[in-house]
Amino acid sequence: MAGPGFGNRSGDGAARAPRTRLQQVLYWGSVLAVWGLIFLVVFFAVFARGLPDTSALYDVNRQPSITYLDRNGVLIATRGAQQAPPADLEALPDYVPAAFIAIEDQRFYWHPGFDPIGMTRAMVSNMRAGRIVQGGSTLTQQLAKNLFLTPDQNMRRKVQELMLAVWLEMKFSKKEILALYLNRVYFGAGAYGIEAASQRYFDKSAKDLTVGEAALLAGLLKAPSRYSPVSESKRAGVRATVVLNEMEQSGVITPEQRAAAVLEPVRVSRTLATQHAQYFIDWLDKEIRGLVGEPTEDMIVETTLDLTLQTAAERNVRRILDRDAGRGVEQAALVALDGDGRVRAMIGGASYADSQFNRAVDARRQAGSAFKPFVYLAAMEAGYTPETPVVDEPVRIGNWSPRNYSGTFSGNMTLAQAVAQSTNTVAAYVADQVGRDSVARAARRLGISSRIGLEPAMALGAVEVSPIDMATAYDAFANGGRRVEAYGISRIRTPQGRVIYQRGARDVASGQAINNPSLYYMNQMLRGVVTSGTARAAAIPGRDIAGKTGTTSDYKDAWFVGYTGGFVTAVWVGKDDNTAMRGVTGGAAPAAIWKGFMEAALPRLNVQPIPNGPPMPDGWIAPDPIGDLIGVVEDPYGDSTVLPDGVDPDQGEPYQPNAPADQPRRDAIPTERPRRDDPPDQRPEPTAPPEKEGNPLFF
């Protein structure tokens, strides 16, 4: 029995008529609408919190650009944002904006800011693939994200993007949204907007873009670095072809126009396409921030680089790498300095597009015999001369015995002959006699910044150095004995001419690092390396050339550091994974690169012979080879090193050998081959595999 209030009755006990189906639909529809409205209000109230101020729509927020000029004022590169005046949409060919609509948002003119069909299609594709393979954002949503939001991928940001896209559609016409998009989107290479991108990539105005160029720029937006026509030309061509296909299917271009666009080469700006000196620019980028802090305005950096010499260096490195690829030569580095330490050319690797790791500055590889000049400099400062008699024979220092490259011993010779033939036994014996700490001080004094251990094998180059350090150190032999510091910036100014930084005398870390007669003797011996020693392949007729080769154990590294009057170039070749090449020595590929570069550079430089340096000490007499041989009865030099006056004796690393360094014993060489520690693995970042080609544009 039902009590009061139960059952389908009215208040007076009469039965209530049941609701019709229509009334039920209206009733529950109203309930859902009210709750839906409440949900939407709360939803948008929550997600609208933190929305950016849309009054900043026309504000430009970009990173300052840095323009790099070579020593003659020639443009090398521009880094950072570049923004040209907005392009007039009416002035652009119809196919330019149509290319972006065809590949980015084909329903642009019909949706209200978001595209439910595109979002659904993207969601299905991503679910099938199990990862994000397709985006559903409209062109308006992309504009909202670029103008107001961060690139974070989360629900809050996505909802805010939808809200702002609808707001843009309500506030602006489709044509205005398209114009805003084309003038604000990022195209890579520091270019924001279609006009800046057109000028950066093609050296032309956007109104002069061809069909193929428009397709290439439209294809960039998916991933500007991945589809860059500079570093990824094949991939960019494939992507541009996809855009052309979409343009044809959308009726933007005819099949004939598409065929013509594929056949017509797309030529990228010469400055960008050649990638001149990009390793050098990377090196300077760090230095700029050390000099002026984080840039807050556009700057022009006047550098020491000579773009003509840089081009010659790139050409010769590429030629020898191609020639010797079969012998395992994969990478190379080159640094050329003038007598004051100005960097005139720098190569940091085989291809900047493939690897941005700068081997000229950041790699540390064993120097091999290219380190021996520091041994012999310490010997000259201890009283040795080029005519000092030495013996190439088995020698033992503690529990270590060096071997010669030839595997044989030549017996009696002069120190100059030992240098020319890069005799290991003599270098190890001399370093032990004058003191390896003296060798370390000599290397440090000339500019070697790496750690220098004092184990016996250091005399043979078991020291990890960079090419720029080696060039810096050898520069003292080339410029009259002065220590230099390698640098690449002469001046930094604004486009209006205000000077921000000017290199001056206070920035020069110069001083006499080598006095005479030591400098005279060293140049005499290092000339012999080129005229009759291991670097004969580097000789240039009519030029005063000196230098030293270096080859490490198992052919993992090969060097040649050579110089003439006031100009030095260091060259290294090897592999990033530190595995061995096939019989490549310093007198082979490195010397060939060096000679090819210097033959192109020397006529432009108009260099002089190697300078003699400071005056000789009073009473000095040039050595008499015959008299010296007759007069030597015993070793007059002892174990001490006396530095000449005026030389700064910077300290090396403390001597902490693993075994006592006994007096060298000349006895039979051990059967076990001496081992040397390998340098750490220097692997560049892996690169993405190329995409499958499909009738791509040609570059």
Side-chain angles (χ1 to χ4, degrees), residues 29-30 32-62 83 85-92 94-123 134-187 192-195 197 206 217-218 221-222 246 250-252:
S30 300
L32 291 175
V34 170
W35 282 107
L37 181 61
I38 294 173
F39 173 79
L40 288 175
V41 170
V42 174
F43 181 85
F44 281 103
V46 170
F47 284 97
R49 289 169 54 189
L51 275 175
D53 181 9
T54 55
S55 64
L57 176 64
Y58 296 101
D59 294 343
V60 177
N61 182 20
R62 67 181 180 91
Q83 221 154 1
D88 181 5
L89 196 64
E90 298 293 337
L92 297 177
D94 292 341
Y95 52 74
V96 172
F100 292 85
I101 293 174
I103 195 64
E104 293 292 327
D105 188 3
Q106 294 185 4
R107 282 178 289 276
F108 171 70
Y109 286 108
W110 292 277
H111 64 63
F114 61 93
D115 182 7
I117 297 175
M119 295 171 68
T120 303
R121 183 186 64 246
M123 188 180 302
Q134 190 176 122
S137 295
T138 64
L139 190 148
T140 312
Q141 287 176 267
Q142 294 178 42
L143 176 62
K145 179 180 66 176
N146 292 335
L147 289 177
F148 304 119
L149 301 172
T150 67
D152 298 336
Q153 295 291 339
N154 55 57
M155 178 62 70
R156 181 184 184 85
R157 208 251 335 138
K158 196 66 178 177
V159 172
Q160 290 181 338
E161 178 186 293
L162 286 169
M163 295 168 65
L164 288 168
V166 173
W167 176 82
L168 286 170
E169 291 279 351
M170 294 173 63
K171 186 174 180 63
F172 300 100
S173 68
K174 289 289 187 179
K175 185 174 291 187
E176 289 173 327
I177 291 173
L178 184 58
L180 273 171
Y181 178 82
L182 291 177
N183 284 309
R184 299 299 292 274
V185 72
Y186 182 59
F187 286 89
Y192 287 83
I194 186 73
E195 183 65 29
L217 291 181
L221 299 185
K222 183 178 181 180
E246 294 292 338
S250 301
V252 174

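Just so it is clear, the structure is predicted and the values come from calculations on it, not from any experiment. One is the number of the first residue; the rest follow in order along the sequence. Both backbone and side-chain heavy atoms feed into the values below; hydrogens, waters and symmetry mates do not.
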Q. How long is the span from the CG atom in Leu178 to the CG atom in Leu139, to the nearest 0.5 Å?
A. 6.0 Å
(Q) Within the 4.5 Å heavy-atom criterion, are Leu182 and Leu92 side-chain neighbours or not? (A) yes
(Q) Are the side chains of His111 and Glu169 in contact, using a 4.5 Å heavy-atom criterion? (A) yes
Q) Rounded to the nearest 0.5 Å, what separation is found between the CG atom of Leu168 and the CG atom of Leu180? A) 8.0 Å
(Q) Quick one, Tyr181 and Gln142 - any side-chain contact, counting heavy atoms below 4.5 Å? (A) yes
Q. Who pairs with Glu104 by salt bridge (charged side-chain N to carboxylate O under 4.0 Å, His left out), at least two apart in sequence or on another chain?
A. none
Q) Can Ile194 and Phe100 be said to form a side chain to side chain contact (heavy atoms under 4.5 Å, CB included), step by step? A) CA-CA 11 Å; Ile194 186 73; Phe100 292 85; 3.8 Å; yes
Q. If you count the non-hydrogen atoms of other residues, nucleotides and ligands that lie under 6.0 Å from NZ in Lys174, is the total more than 12?
A. yes
Q. Is a donor on one side and an acceptor on the other found under 3.5 Å between the side chain of Asn183 and the backbone of Gly193?
A. no
Q) So, do Thr140 and Phe108 sit near enough that their side-chain heavy atoms are less than 4.5 Å apart? A) yes
**Q.** Main-chain N/O of Ile103 paired to Glu246 side chain as donor or acceptor, under 3.5 Å
**A.** no
Q. Are Glu176 and Lys171 close enough for a salt bridge, meaning some N to O gap below 4.0 Å?
A. no
Q) Got a donor-acceptor contact below 3.5 angstrom from the Asp105 side chain to the Ile101 backbone? A) no
Q. Which of parallel (below 30°), tilted (30 to 60°) and perpendicular (above 60°) describes Trp167 and Phe172?
A. perpendicular
